[in-house]
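Have a look at the structure below before the remarks.
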Amino acid sequence: MKQNLFARLGLPYYLHGPAYAENTDEARALHHLCHALNLAGEEAYVTEEGDGALYTPRLTQERIEAHLRAGRKPIVIYPGSIDDNPLGANQVVRYLLAPAGMQTALGTAPDEMLVAWRTGLATADVPLLATPLADDAAYAAGQEEFSRQLQAFIETSQHRFQPAAAVRVAAPPIQPARFTPSKAPTSQAPRSAGPRIVSGRLVRPLDRPAKPSRPPAPARTAPLAPVPLPSWSAPATTPQAPQLQGFQAIPIPTAQRHAPAKRKKRIVVYSVESTWSPCPQIRLIRPFAHLQDEWELVWGIRDGQLQGDYLNNADLIVLHRFTPGLMSIATLQTIFASRVPIVYESDDLLNDIPHDHPEAQQGASWKEGIEYAVKHAKAVVVSTEFLASKYRDLNPAVYVLPNYIDYDLFYRPVPQSTATDGKINIGLLGSSIQPSNFALVDNALRALVARYGNRLHIDFVGWECPKGWEDHPLTTFHSFVHQYVDYIAQLRQWNWDIALIPLASDEYNQCKSYIKWLDYSAAGIACVFSDVSVYNEVVTHDSTGLLMPNSTQAWLEAVTLLIESPEKRHALAEAGQQAVKADFDLADKAALYHSTYQMQLSNHGQVSS
């Protein structure tokens, strides 16, 4: 069958697993499957080093960005030994490779697809995909069956994760699918010249430098010696964080220099949070994406290990949020022994988490490491003045960098009329449904649904649905959206008319930033906030939002006003949107990040402006 040059491309496959090795069936099966998918006319990549005899192009950050810009969300294939979602993917296939007894915890997520490598793992609901590992007699006898299995897998996975796509012209069977050397097409994405993070959606940078043709440049600092880190299991709110298994310095060669150019200042970020999750995106990745001619970010934790040799060319080290709380004091002492200035960066009071917060149990163990980092850092960078005041007793060098957003990413025109069915959509997200905060609006919401019935719909977004609202016919609970760009897209798609942001008046909440006002206002949503310092310093009551005392009657009256008066609702949303555009657009404020971080270099006597 002829290929249609203008047919819609399918979804790409990312195979996440170990580098190719002859002594492990898991690695060989994944890499051979990638090879087979490419020979079958699909687009597949591996995340680790492949075998030169197989067609297994290496995934790069640039390739991921290109796929996302084209609206082609990847299908990520994990081996069964990975039971979490380290890439934070929405479209997941679990390839069950191990004996059945090791797979009992897998396949529970209803939105994931399971396939089995061995006959003993396959069931009526788990189809067989017996990728061969060698061009032997067994493969010769069964290659037609494997070709059928592979085509069935392609068609099923593409339809499952892209059901609305136009029917694609099927690729011809593999001719035959012998796993022999195959030259990659010239369209294969080039390997990046050096490790870097761009504004993307990776747990860690997947682009790695090619092997250098000359030795790396001399190090400015001696490599750190290996130091053991404690074993750690990721908290429920950050399932994509890797385990810190040990401190192993892995040499990363310096990128080859071409024409003389101004040297970028390098920040090595030690963070266990996904680079596509909200906090790294808001506080580091997106601000410095606007400063990419001056700065580059390098993620200093890879595969759960600190990359000590990144320090050879580092100008600054950033310890991000709760990451130092996962390290032993001995490890922190080793890091602080470096001659590179170190900044502790956070937008939450993570050394003092309240008991009803989803991370409270883990947070209790973070306190010592975070406070050690704050005390010994050259500077502490936070998002609010109240948070700064909590750290100045430990370190007087605290700088406030407020949160800003890329306005154009969030922008949604303010709806100028109520939906044709008269329905009003109300949303509460994240900390707004944390028990101590949600209790402030619980009774008001119950009174509203009793009064308005089917005219209302309420979205809850977070870690778990508020107690007593499970399966309520007028509500929908959405699991927390960990990927920042997905959250932005989802916020627009929910089409909220009203957002509620209740916030109990305690020290932890007062340390939070007004990021929800920025997000919601840019997305054209009328907002009601608790009248606390977090929000009353930026929200003008009755103009860019409503500020309410924490009483049931106040919240009930405020939401009723916005339901009954579309004009008021639209006016609040438009004024909030204009205020965010005028004063909080990151494109106009990125210079503040440059000056704050540059100050740490200038004071240290390293790099001048």
> Should the pair D406-R286 be classified as a salt bridge under the 4.0 Å nitrogen-to-oxygen rule?
Replying inline: yes
> Is the side chain of Q158 donor-acceptor paired with the backbone N or O of L11 at a distance under 3.5 Å, no angle test?
Replying inline: yes
>> Determine whether the aromatic ring centres of residues F460 and F438 are separated by less than 6.0 angstrom.
In response: yes
>> Tell me the closest heavy-atom pair linking A40 and L150, and the distance in Å.
In response: CB-CD2, 4.0 Å
> Would a distance-only check, ignoring hydrogens and angles, find a side-chain to backbone donor-acceptor pair under 3.5 Å from N38 to A44?
Replying inline: yes
>> Looking at E144, I want to see if its CD is surrounded by more than 12 non-hydrogen atoms of other residues, nucleotides or ligands under 6.0 Å.
In response: no
> Are D347 and K512 close enough for a salt bridge, meaning some N to O gap below 4.0 Å?
Replying inline: no
>> I'd like to know if the side chain of R412 reaches the main chain of G524, judged simply by a donor and an acceptor atom lying under 3.5 Å from each other, with no hydrogens or angles considered.
In response: yes
> Donor-acceptor pair, S147 side chain versus Q143 backbone, under 3.5 Å?
Replying inline: no
> Which distance, rounded to the nearest 0.5 Å, do you find between the CD1 of I285 and the OG of S277?
Replying inline: 7.5 Å
> Quick check: does any side chain N or O of T24 sit under 3.5 Å from a backbone N or O of A21, one acting as donor and the other as acceptor?
Replying inline: no
>> To the closest 0.5 Å, what do you measure between CD (Q493) and CG (D486)?
In response: 9.0 Å
>> If we ignore hydrogens and angles and just use 3.5 Å, is the side chain of D459 paired with the main-chain N or O of G427 as donor and acceptor?
In response: no
> Got a donor-acceptor contact below 3.5 angstrom from the R72 side chain to the G10 backbone?
Replying inline: yes
>> Between D497 (side chain only) and N425 (backbone N and O only), is there a donor and an acceptor less than 3.5 Å apart?
In response: yes
> Does any N or O in the side chain of H32 come within less than 3.5 Å of the main-chain N or O of R28, such that one atom is a donor and the other an acceptor?
Replying inline: yes
> Can the ring centres of Y95 and H16 be said to be less than 6.0 Å apart?
Replying inline: no
> So, does T323 use its side chain to make a donor-acceptor pair with the main chain of H320 at under 3.5 Å?
Replying inline: yes
